[in-house]
There are 2 protein chains.
Amino acid sequence: MEKDKEELALKKCTQTIMAIHDVMDILNGKWKISIMACLCFKKMRYSDLLKKVNGISGKMLSRDLKELEANGLITRTIYDTQPITVEYETTKYGASLNKVTEVIAAWGLEHRRKITGK
Amino acid sequence: MEKDKEELALKKCTQTIMAIHDVMDILNGKWKISIMACLCFKKMRYSDLLKKVNGISGKMLSRDLKELEANGLITRTIYDTQPITVEYETTKYGASLNKVTEVIAAWGLEHRRKITGK
DNA sequence: CGGAATCCGCGCGGATACTG
DNA sequence: CAGTATCCGCGCGGATTCCG
């Protein structure tokens, strides 16, 4: 029946909304997705991220890094050099966001082409 | 040379960050992605969205819908019934976000499975 | 039904200065 | 270098009320 089909679609819609809401709870704020995208390319240090993630302030960066670590998306390792070195790296789990960031970025490029370009 | 390769990767990283930032400018806030995901399933009315997008308030919904429309992602059509009916629908352009919302939702489901489940 | 208007708290997020 | 601390404005976003 087509009524069942309709119902099924709506149910999937509801599930989708919930799933997205979950993600937005973890990746909230202006910067987390950018940070994850950056770390998906390679592990980086605090100062590297500060430069790469354009416009972010030191406060937000460290705060977001803490939250991302708390959610198991990245790891923080300290090297006892002089001065001390800290490296951030995606966990295996965090690396699975790679696909997400890629798709977003791809759409963003397309969008920019549409806006600025012609 | 591998140095060139490294350089290329970093350049791509920078581009990715910029692209993501563009997207976040359009899809900012807590709800826009959910709204778009919802409308990617089917066109809906204001009250439908209010129910489907769980937790959103009327104010945010109408504000976000306005912004999404301003960015060309959705259209708003008024039917002269009694009482009046308004339908929101993705533009062809907005529909291209389908892939994005799908990937995010997929990751979200996986995430929920990891958190609650085991 | 489909909003607009108003009130208001909270926390995001920027700027700056300081620390080990 | 890798942060922390503090101050503070702004706007997101909730709740409620009102309107055509």
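Reminder, nothing fancy here: chain letters follow the sequence lines and each chain counts from 1.
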With heavy atoms under 4.0 Å as the rule, sort A/Tyr88 into base, sugar-phosphate or nothing.
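It contacts sugar-phosphate atoms only.
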What is the nucleic acid contact for A/Gly29, judged by heavy atoms within less than 4.0 Å: base, sugar-phosphate only, or nothing?
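Here A/Gly29 touches the backbone only, sparing every base.
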In whole Å, what is the span from the [atom1] atom of [X] to the [atom2] atom of [N]?
X: B/Leu68; N: C/dG3; atom1: CG; atom2: P; answer: 13 Å
X: B/Leu49; N: C/dG2; atom1: CG; atom2: P; answer: 10 Å
X: B/Ile56; N: D/dG13; atom1: CD1; atom2: P; answer: 9 Å
X: A/Gln82; N: D/dA2; atom1: CD; atom2: C1'; answer: 12 Å
X: B/Ile35; N: C/dG2; atom1: CD1; atom2: C1'; answer: 15 Å
X: B/Ile78; N: C/dC1; atom1: CD1; atom2: P; answer: 17 Å
X: B/Tyr79; N: C/dG3; atom1: OH; atom2: P; answer: 13 Å
X: B/Lys30; N: C/dG11; atom1: NZ; atom2: P; answer: 11 Å

For A/Asp64 and B/Val86, find the nucleotide of DNA chain C closest to each by heavy atoms; which residue's nucleotide sits nearer the 5' end?
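Whichever sits nearer the 5' end wins; that is B/Val86.
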Under 4.0 Å between a side-chain N or O of [X] and OP1 or OP2 of [N]?
X: B/Thr81; N: C/dC1; answer: no
X: B/Ser62; N: C/dA4; answer: yes
X: A/Lys66; N: D/dG3; answer: no

Picking from [options], which would you name as closest to the side chain of [X]?
X: B/Tyr46; options: C/dG3, C/dG13, D/dA2; value: C/dG3
X: A/Ser47; options: D/dG13, D/dA2, C/dC1; value: D/dA2
X: A/Arg63; options: C/dG2, C/dG13, C/dG3; value: C/dG13

Got a salt bridge between A/Lys66 and A/Glu69, using NZ or NE/NH1/NH2 to carboxylate O under 4.0 Å?
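Between A/Glu69 and A/Lys66 there is no salt bridge, as every charged N stays at least 4.0 Å from the carboxylate O atoms.
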Starting at [atom1] of [X], measure out to [atom2] of [Y] and round the result to the nearest 0.5 Å.
X: B/Leu109; Y: A/Met18; atom1: CG; atom2: CE; answer: 8.5 Å
X: A/Leu27; Y: A/Thr101; atom1: CG; atom2: OG1; answer: 9.5 Å
X: A/Asp4; Y: A/Lys11; atom1: CG; atom2: NZ; answer: 11.5 Å

Anything under 30° is parallel, anything over 60° is perpendicular, the rest tilted; go ahead and classify A/Trp107 against B/Tyr93.
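Ring orientation, 0 to 90° scale: parallel.
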Given that A/Lys51 and B/Glu67 both sit by DNA chain D, which one's nearest nucleotide is further toward the 5' end?
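This one resolves to A/Lys51.
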